[in-house]
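Quick caveat: nothing in here was measured; it's all calculated off a predicted structure. Values below: every heavy atom of this structure, side chains too, minus hydrogens, waters and symmetry copies.
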Amino acid sequence: MGNILIITITWADHHLQTPMYLFLSSFSFSECCFITTVIPKLLDIFLVGRQSIYFAACFTQDFIFLFLGITVFFLMAKLSVDRYLAICKPLYYPTIKNPRMCFLLVIACLALGFILMVVPVVMLSYSSFCGSHIIPHFFYNFGPLVYLSCSDTRYTEMLAFVLDLFILLTSLIITIITYSNIVITIVQLPSAKEKKKTFSTCSSHLIVLSLIYGSCVFIYMKPKQMKRLNSNREATLVNMVVTTLLNPVISTLQNKQVH
């Protein structure tokens, strides 16, 4: 509901149709799709007790979850660049971040997410699943599917680990570089009031980044995916429910412009 509200007010009010809020509405749309792949089935398990899923459906869930999750990471990196341009290069900002450029960047994030995840998921789908069909998890992520496979999945796991590392490090390096420049610019501002106002526009984004990176590094930065599935379950629940619940409030709904 929070994400849908962000999308609605962004497209309804022309004052919010700026690059930052267009990116935030794209981010909110990705979040809506992201949680829709998992939460309805999770509620079905808890409330109705239907704990089974078709083979094709579990791989579809896995692919969409990973594809949209990667897209969210790249969108967060784009939001960091957007804040950098707005604060450090304000004269160039309107020229660089026009609506056409925003649209192309969102499409690029979606394309990267699709390309990077389709290969490992397809490779895993060709594995043999001849043993138990029960996993200690509430949805079919890459790790639980590796856990079920009775084939040699070492190469598939290593490929997935390298891609996860590339995605996390790329987006994290972009974020660190942009926010380092932002901090330097804020420190050089003449008045304390200006410093406080400028920092407040970035603090919410930093909180969201900390929540997302913290949980995802814990879940995915292990070469052996089948290890620590039980601890991953709690971290995934935080990432799926707590972070997604807080994102709309932290990112947008507290802003004066939105009010």
Any side-chain heavy-atom pair of [X] and [Y] under 4.5 Å:
X      : Y      : result
Val162 : Leu165 : no
Tyr21  : Ile9   : no
Ile45  : Arg50  : no
Thr178 : Arg83  : no
Lys78  : Cys109 : yes
Tyr92  : Leu85  : no
Leu172 : Phe73  : no
Met123 : Val119 : yes

What do the steps show when you test Phe55 against Thr60 for side chain to side chain contact (heavy atoms under 4.5 Å, CB included), and what is the final call?
CA-CA 9 Å; Phe55 182 80; Thr60 303; over 6 Å; no
Is the backbone N or O of Ser128 less than 3.5 Å from a side-chain atom of Ser149, with the two atoms forming a donor-acceptor pair by type?
yes
Taking Thr37 for the side chain and Phe34 for the main chain, is one N or O donor matched with an acceptor at less than 3.5 Å?
yes
Step by step, work out the side chain to side chain contact (heavy atoms under 4.5 Å, CB included) result for Ile4 and Met1.
CA-CA 5 Å; Ile4 290 170; Met1 288 175 65; 5.8 Å; no
Looking only at heavy atoms, which two atoms of [X] and [Y] are closest? And how far apart?
X      : Y      : result
Leu24  : Ile6   : O-CG2, 4.3 Å
Ala77  : Ile174 : O-CG2, 4.0 Å
Leu168 : Ser171 : O-OG, 3.2 Å
Arg154 : Asp152 : NH2-OD2, 2.8 Å

Is [X] linked to [Y] within one hydrophobic cluster, defined over Ile, Leu, Val, Met, Phe, Trp and Tyr using a side-chain heavy-atom separation of less than 4.5 Å?
X      : Y      : result
Phe166 : Ile176 : yes
Leu43  : Ile35  : yes
Met101 : Met76  : yes
Tyr126 : Tyr155 : no
Phe129 : Tyr54  : no

Say you draw a straight line from [atom1] of [X] to [atom2] of [Y]; how long is it, rounded to the nearest 0.5 Å?
X     : Y      : atom1 : atom2 : answer
Ser80 : Asn181 : OG    : CG    : 12.0 Å
Cys88 : Gln188 : SG    : CD    : 9.0 Å
Leu79 : Thr175 : CG    : OG1   : 9.5 Å
Phe65 : Cys33  : CZ    : SG    : 13.5 Å
Thr71 : Ile64  : OG1   : CD1   : 11.5 Å
Glu31 : Thr36  : CD    : OG1   : 10.5 Å

Show your reasoning for whether side chain to side chain contact (heavy atoms under 4.5 Å, CB included) applies to Leu112 and Ile70.
CA-CA 8 Å; Leu112 278 171; Ile70 291 169; 5.6 Å; no
Residues passing the ring pair (Phe, Tyr, Trp, His ring centres under 6.0 Å) test with Phe114, sequence neighbours excluded, are Phe63
Apart from Phe29 itself, members of its ILVMFWY cluster (side-chain separation under 4.5 Å) are Ile7, Trp11, Leu22
